Amino acid sequence: MDLTLMVWRQKSADAPGKLDQYAAKGISREMSFLEMLDVVNEGIVKAGGDPIAFDHDCREGICGTCSQVINGVPHGIEERTTVCQLHMRHFKDGDTIYIEPWHGKAFPVVRDLIVDRSALDRLIQSGGYVSVHTGGVPDANAILIPKGDADTAMDAAECIGCGACVAACPNGSAMLFVAAKVTQLASLPQGRVEASERVRGMIDKMSDEGFGNCSNHYECQAACPKGVKVSFIAKLNREYMKSWF
Amino acid sequence: MPETVSRGIGSSTVGRKILMAVTGQMMILFAVIHVVGNSTIYFSGLNSYAEHLHELVPLVWATRFVMLPALLLHVFFGVQLALENNSAKESGYSVNTNLRSTFASRNMIWSGTLIAAFLVYHLMHFTFQVISPEAAASANADALGRPDVAGMVIYALRSYVVSLVYIFSLTGLFLHLAHGAQSSFQSLGLSNEGAEPAISKGGYSVALVIFIAYVLIPVLVVLGIVKG
Amino acid sequence: MILDGKCPSGPLAEKWSRHRNDLKLVNPANKRKYRIIVVGAGLAGASAAASLGELGYNVEAFCSQDSPRRGHSIAAQGGINAAKNYPNDGDSVFRLFHDTIKGGDFRAREANVYRLAEVSNSIIDQCVAQGVPFARDYAGYLDNRSFGGAQVSRTFYARGQTGQQLLLGAYSALSRQQAAGTVRLHPRSEMLDLVVVDGKARGITVRDMVTGEVSSYAADAVCLCTGGYANVFYLSTNAMGSNVTATYRAYKKGAFFANPCYTQIHPTCIPASGDYQSKLTLMSESLRNDGRVWVPKQKSDNRPVSEIPDEERDYYLERKYPSFGNLAPRDIASRSAKEVCDEGQGIGTSGRGVYLDFADSIKRLGQDAIRERYGNLFEMYERITGEDAYKQPMRIYPAPHYTMGGLWVDYNLESNVPGLFVLGEANFSDHGANRLGASALMQGLADGYFVIPYTIANFLARTTPGEVPSEHEEFRKSREEVDALTKRLLSIKGTRTVNEFHRELGRIMWDNVGMARSQQSLERALQRIPELRAEFWEDVQVTGSGAELNQELERAGRVADFLEFGELMARDALQRRESCGGHFREEFQTEDGEARRDDENFSYVAAWESKGVGRNPELHKEPLEFEDVTLAVRSYK
């Protein structure tokens, strides 16, 4: 099939950007979205141009590197799917596809479709860990954890840190990301000890990094490729209140 | 984890949302009580209700004393958060696709602004009674010698223009509560995966019931069904 | 040269604890004076950087991804082995050691493997303490599952995302050290050279992948944790960014590359559907418990599955290996699939695929039971192929998955270049000629959390901190070399893209140095690779400049290294005139087509020393001695 792509091109963080049009011809239905872009890029390179820069790595939906807004939706309209697992059979011949980088003050554009998501790393640095030294820990079965709690922790830990929640949020908020980490660790006895410092540290850091506030639009859950739930945000709010008592 | 001095509730992103939720729920409660009182107009009890209310001076002032700061806090943080949100996401995408958000949720600041403007009008109209002084309750007594609140209200709402202002503003209130009521539960952490759909529906229903209860007054008056 | 692995003496079970008592220590007050470079932030790199930071060393960590949470360890699905013996099914450190060394077809160093088994339990304890949400039973205890190559249940898991959860655990420990200021992380930075001064590793040269700036970092020791080289095949289950550059450039600076021919081909991956295909996706091996593998008996049979009657199907694994059937080990299942496809019985447009059919199991157990067991895998298969595997068989084909070879290291994980340590998949040390499932995660974390903190101290204690400053002549030279390479790549302005060359190299490697190798195929590869390399340096097109974010340039540098490395792989495969584990030489098989090992002549580690491009590398050997296991032939008939 033949497609028209409208792709955000921006040389560097300070350079102005705009949407450029590209023709993607002879695209097969079996291709993944990124493979379609590979084909377009090979054409650009052969013509001596600068290929479209985009982030990607594992191409199996787990590393969280790929990050494109496709027709206004982070990772595209397919539910619970990362860009790398989105396939061209979901598009039709003649379609025009808009491809843009994540938007948000905390995610400045690096080049084209690549943004700087290091703010998410700094959120983790502000408390998204258990302060344990290597070695000197008790046997793994010394502290029992109810299966329900372990399952909740795992549900929250599904987060791949791609930032789609921030990209989808009309306020550019990272509440779902923070909520997932806070819930994971607060559900486990090992993480409970520092729960107060963690929740306040991460929440404050979120504002410092320029993320917006949560308005409970729930766009984040809808865009999350791993289906991380907004109920964790309620949990985050509870943990925050608890931290004051 | 090193101990650090964290922001206070009033400057924290989550803390402020919690204050928004608490003050919002207070005002919802106020709106419910207010509309129950207003409903006395259907069986000609408004003047009596108003008179009784004004006899409870401490209660009236206590309510004002609580509600006014709540309102100001709600407005202040609402505007502040909205400004921050705007700067956190300066532009949308070329194609606008909304997955879960609603018209109501995306326009809270505008529905809130409308409500605030209406509130000023409404207070000038029926509390300070400076908009149409000729019909002011304080200047006109009913058959029993009480301030004629019902007469003032009906006089005003008989005007299509005034009714439309009320109906339009109440639509703003509906939109605000359609998102705000359920959202406040989430902000207060009073939600989980199982309860979330029920809270969403419940919040919407509360907004709808309040809206209908309020909007019936101008509608029924302007249609001439309630004549006082 | 005969290499010495420096294994400590004494009984196997006491080697590591005795050795630790003998290792030198660095005084706590002096630790911060030492600077250590850690390259790579997968399981090995993140755990090493975090542990070294905790100890108080000054750590400079580098990764090519935008965040250290994205190393390809994240994609490991199945689990991590440990000899906890929680299920009381007879496991022990010795059994885990024995299974691993046997699984590796007796081509690994005994002492290393035993240490790996020994520290495996501490890894689980550590991860649980970090908040890794392992699966648990209703009583709150950790759950175990069984895995290939073992008769006990010793695999700990977190749904189908064990690698992800372990990496996030190590990443959180690393983040904690970043917050504490002991580790400075440089993301989007690619190591392009190892700086060696007076025979010692003294630093690295990196390119900032955003600005293009090339800079050097000096340190007292360098740890490479940069993963494997399966992308030499172009199509593999590795991430797009996985490459051999860091280890290969260290090899060019004098580090020995050991056993490069040991590569693992995983039997159950989704087959390639066309030339544009960029990577292969692995489907968990567990599917073979209930799926039957078959191809049509007729060659190039294009009929739909429903029209092929049972008697016209060749259930080749059940036919050839009646006792193990569809559960034959990875290497055997992979090779058999290749054989039937070579015979022309392969399915799909490319003819490179076999069916994995669940129809019988669904008939026997019902669709719900199958859904319960494999629902998420069927979903993933449908997401990628658009096919419903409940209604039609899955199509699968083997794919390069893991590389057992890597830089040569001694028992201390130190390479032959003093001060250069190599951890995780990047070294060669623990898996011999074949890796067992759920052992890669174990090795990465063992090296990073529990081995390097001890062994690196022994090296540093004998080193004066900051001996060689980054102003040293060698650093400038290194930067100039890197710049020259970049300039050269950009100046060719040919007609073919980097990808086209990579694809072509992959085809050569897969056809000749893939699942089955022969003298003839290897010689063909040794002839073809230098030709392709020459074409690359004449005709590759790399656009843009070096002073900006340039993904084509990044790829070009990596493919240039693969074009040299492929030759080394073929050479290693050629000299190893035996079949063992993942290395199958067609000339060396039993009458039933099984691998024939030659313990008398090839029980050694082949470590190659670079002599420059186009020149034959020199082979060094480290003899493998087995004191505590008896060498046996694997049979799965």
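None of these values were measured; they are calculated from a predicted model. Naming convention: chains lettered A, B, ... in sequence-line order (proteins, then strands); numbering from 1 in each chain.
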Undergrad: Would you check if A:I203 and B:R7 make a side-chain contact, meaning some heavy-atom pair closer than 4.5 Å?
TA: no
Undergrad: Give, as side chain, backbone, both or neither, the part of A:E239 having an atom under 4.5 angstrom from any heavy atom of chain B.
TA: neither
Undergrad: Where the side chain of A:D204 meets the backbone of B:S6, is there a donor-acceptor pair that is under 3.5 Å apart?
TA: no
Undergrad: Is the backbone N or O of A:C214 less than 3.5 Å from a side-chain atom of B:K17, with the two atoms forming a donor-acceptor pair by type?
TA: yes
Undergrad: Compare all side-chain heavy atoms of A:K105 with those of B:E90 and state whether any distance is below 4.5 angstrom.
TA: no
Undergrad: Check whether any side-chain heavy atom of A:E219 lies under 4.5 Å from a side-chain heavy atom of B:S101, and answer yes or no.
TA: yes
Undergrad: Using non-hydrogen atoms only, which part of A:P101 is less than 4.5 Å away from chain B: side chain, backbone, both, or neither?
TA: backbone
Undergrad: Can a donor-acceptor pair be found, under 3.5 Å and without considering hydrogens, that links the side chain of A:K235 to the backbone of B:N192?
TA: no
Undergrad: Pick one of side chain, backbone, both or neither for B:S87, based on which atoms fall under 4.5 Å of a heavy atom in chain A.
TA: both
Undergrad: Check whether A:R238 reaches the backbone of B:S191 with its side chain - one donor and one acceptor, N or O, closer than 3.5 Å.
TA: yes
Undergrad: Check whether B:N85 reaches the backbone of A:N213 with its side chain - one donor and one acceptor, N or O, closer than 3.5 Å.
TA: yes
Undergrad: Is B:R106 close to chain A through its backbone or its side chain, or both, or neither, when contacts mean heavy atoms under 4.5 Å?
TA: both
Undergrad: Under a 4.5 Å cut-off applied to non-hydrogen side-chain atoms, are B:L99 and A:I77 in contact?
TA: yes
Undergrad: Would you say B:Y93's side chain and A:P74's backbone share a donor-acceptor pair under 3.5 angstrom?
TA: no
Undergrad: Can you say whether A:W8 sits under 4.5 Å from chain B via the side chain, the backbone, both, or neither, judging by heavy atoms?
TA: neither
Undergrad: Using non-hydrogen atoms and a 4.5 Å limit, figure out which bit of A:V166 sits close to chain B: side chain, backbone, both or neither.
TA: backbone
Undergrad: Would you mind checking which part of A:M206 comes under 4.5 Å of any heavy atom in chain B, side chain (CB onward), backbone (N, CA, C, O), both or neither?
TA: side chain
Undergrad: Could you check whether any side-chain N or O of B:T97 sits under 3.5 Å from a backbone N or O of A:N71, counting only pairs where one atom can act as donor and the other as acceptor?
TA: yes
Undergrad: Heavy-atom distances under 4.5 Å only: say whether A:A168 touches chain B with side chain, backbone, both or neither.
TA: backbone
Undergrad: Please look at A:D155 and chain B and tell me whether the side chain, the backbone, both or neither of the residue comes under 4.5 angstrom of a heavy atom of that chain.
TA: neither
Undergrad: Under 4.5 Å heavy-atom distance to chain B, tell me which part of A:Y98 shows up: side chain, backbone, both or neither.
TA: side chain
Undergrad: Checking B:Q186 against chain A: side chain, backbone, both or neither under 4.5 Å from a heavy atom?
TA: both
Undergrad: Using non-hydrogen atoms only, which part of A:E100 is less than 4.5 Å away from chain B: side chain, backbone, both, or neither?
TA: side chain
Undergrad: Donor-acceptor pair, A:H217 side chain versus B:N98 backbone, under 3.5 Å?
TA: no
Undergrad: Please flag which part of B:L81 lies under 4.5 Å from any non-hydrogen atom of chain A: side chain, backbone, both or neither.
TA: both
Undergrad: Please state whether the side chain, the backbone, both or neither of A:F107 comes within less than 4.5 Å of a heavy atom of chain B.
TA: neither
